[in-house]
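Convention: sequence-line order gives letters A, B, ...; per-chain numbering from 1.
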Protein chains: 2
Amino acid sequence: MKILTKAECAAFLKAHDRFTILSHTRPDGDTIGSTAALCLGLRQLGKTAHVLENREVSPRFSWLHQGLTKQAAQPGDTIVCADVASPGMLPKDFAHLLGGIHLRIDHHGSATSFTEEELVEPDSASCAELVWDVLKLLGVGMDQPIAEAVYVGISTDTGCFRFANTTAHTFATAAQCAQAGAKMYELNQELFETNTLGRLKIQGWIVDHMRMLRGGQLAMVAIPRTVEQEIGVTEDDMDNISSFPRTVAGVKMAATLRQTGDGEVKLSVRAIPGYDATVITARFGGGGHKGAAGATLKMDLETAAKAVEEAMLAM
Amino acid sequence: MKILTKAECAAFLKAHDRFTILSHTRPDGDTIGSTAALCLGLRQLGKTAHVLENREVSPRFSWLHQGLTKQAAQPGDTIVCADVASPGMLPKDFAHLLGGIHLRIDHHGSATSFTEEELVEPDSASCAELVWDVLKLLGVGMDQPIAEAVYVGISTDTGCFRFANTTAHTFATAAQCAQAGAKMYELNQELFETNTLGRLKIQGWIVDHMRMLRGGQLAMVAIPRTVEQEIGVTEDDMDNISSFPRTVAGVKMAATLRQTGDGEVKLSVRAIPGYDATVITARFGGGGHKGAAGATLKMDLETAAKAVEEAMLAM
């Protein structure tokens, strides 16, 4: 495996042709945006380039791949993956290509190298801004489709510029996307200002059922499986739900407990800077980061809630 | 009244000293951030500069003015206001200074000129980024306090880069703020990832009581005054609440009705691009923009809701 600089990565792309580009399983905005931008950029240079159809992509992002897909890689193709952190992140459909991937462009600090060559920059907020840097080195001009692909990657991976990974480089790249005519407002409305009814209902339930401890500095909520079933939430509706109780004004740390189907309780703790969520999860054999940590508790919901409350009050 | 370019505005600031800087009434992040940045920049140039204490400022933004305020303007001071669109936007405490304001820096496309000289750029998303452009022309370096003042102005006036006013220039300025070490993540948590319990409760009530029309493309909710009183929401909690029902997935246009104390109903309509909110409000003598419009209905809530529903279904 050879580690590439951006310039070397650009040289690799320049020296090759007939590209097949792979996105990751459970595809998000960054892998779809990155692969779309790369494909569009390579085509602008006169190369033959396709993204391999990722059947898991949701309508939220599938429009970015429109007109770019093909069904299968051919012998002799140059195979590139973008935003794929490990072999396990390849969609099952693409698994047969493992071992034959020529280049990986990624921003995950993962130790797993699984391609012939790789450009990996863990400080990059999104893979899309990294892809754009390489395309720019190749003399690609940022047209509106490339700008929108890059913008979707950047904005979704930074929570629309709110997460801690956002850098000066992220903003500078977004400035180029704006300059190139990306319809950012329309994209923002769709990507960030839209909630499913299921999501809003479970949020309403949480507001009505959360317990405030220590004068409102700590919050916790235990969600019975029956409640999720009654509301009819999907896993998409519940995505990152544990970050919600923390958003209540004054709350420094919040614990969310969800009952799983198999008699376990999933605990997620979120904390603002200056507080350490792992203090709670470590008590239950879990781990994570100061801002976000988790654990699995093999007990019923009521017992788990009591144990978590005790752990929080013991801090 | 003399209209200035950025360079002329910089020359004005260079030629004067003893600055008293005014923010607007019901101060938001942009007026407080703009005045703080201007004051800090002028001090960096060796000038005497203060912001006039604005007693209306909330704890959310007051830290930006810490160490910069004074209680009263002195004779001979150079008086500058930032983000003040009209004389009516001056706090009552500052009203006696009207007629004696030397310079206005603003980004509102208002026709009201009320100062001796003015730099007004309506295309600028925030006043803060305009202030920074002028300071940069004066050779001011962006240190962390200036970066955070500018960032608060930019981010609050663009809904953290989500609103349609966000430009390439906005992002480029944010990139400079990041480079200068602004603690953007902490600021974002505080400014955008925090909800009052009152806000969350009224949102929960809306989710439970909103009516979906036309297969979920239209939504409407009528909020009785008694509900607001029972939940105990403040006007801050209700700020821009009418944008909330529109965020439900699939909703193209949403109408929110609020009962006021004096037997009237305030109607607010929000629409996504491609739909026109004024079609509804015009029927009730109101107006606004395609994306956001309003009207006041002199009727009881039930009658108003029925009339609005008819208007929406007649579209």
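For Phe192(A), the parts lying under 4.5 angstrom from a heavy atom of chain B are both the backbone and the side chain. Contact of Gln179(A) with chain B is made through backbone and side chain together, with heavy-atom distances under 4.5 Å.
By the neighbour-count criterion of 12 heavy atoms within 6.0 Å, atom NZ of Lys6(B) is densely surrounded, having more than that number from other residues, nucleotides or ligands. More than 12 heavy-atom neighbours from other residues, nucleotides or ligands sit within 6.0 angstrom of CZ on Arg214(B). Atom CD of Gln66(B) has 12 or fewer heavy atoms from other residues, nucleotides or ligands within 6.0 Å. Dense packing is recorded around NZ of Lys136(A), with more than 12 heavy atoms of other residues, nucleotides or ligands lying under 6.0 Å away. Annotation: His289(B), atom NE2; neighbour count of heavy atoms from other residues, nucleotides and ligands within 6.0 Å does not exceed 12. The local environment of CD in Glu190(B) is sparse, with at most 12 non-hydrogen atoms from other residues, nucleotides or ligands closer than 6.0 Å.
Counting heavy atoms from C-beta on, the side chains of Asn188(B) and Phe161(A) never come closer than 4.5 Å.
From Glu193(A), atom CD reaches atom CZ of Arg162(B) across 5.0 Å, with rounding to the nearest 0.5 Å. A distance of 6.5 Å separates CG in Asn195(A) from CZ in Phe244(B), rounded to the nearest 0.5 Å. Atom CZ of residue Arg246(A) and atom OG1 of residue Thr194(B) lie 5.0 Å apart, to the nearest 0.5 angstrom. Rounded to the nearest 0.5 Å, atoms OG1 (Thr170(B)) and CE (Met184(A)) are 8.0 Å apart. Between atom NZ of residue Lys201(A) and atom CG of residue Asp208(B) there is a gap of 7.5 Å, rounded to the nearest 0.5 Å. For the atom pair OG1 (Thr247(B)) and CG (Leu200(A)), the distance works out to 5.5 Å, reported to the nearest 0.5 Å.
Contacts with chain B were tallied for Gly204(A), Gly274(A), Ser155(A), Ala249(A); Ala249(A) has the most, counting heavy-atom pairs under 4.5 Å. Note: Val248(B) leads Val248(B), Val251(B), Asn165(B) in heavy-atom pairs under 4.5 Å with chain A. Here Cys160(B) is the residue among Cys177(B), Gly159(B), Cys160(B), Ser243(B) with the most heavy-atom pairs under 4.5 Å with chain A. The residue among Gly250(A), Ala172(A), Pro273(A) with the most heavy atom pairs within less than 4.5 Å of chain B is Pro273(A). Chosen from Tyr185(B), Phe171(B), Phe163(B), the residue pairing most often with chain A at heavy-atom distances under 4.5 Å is Phe171(B).
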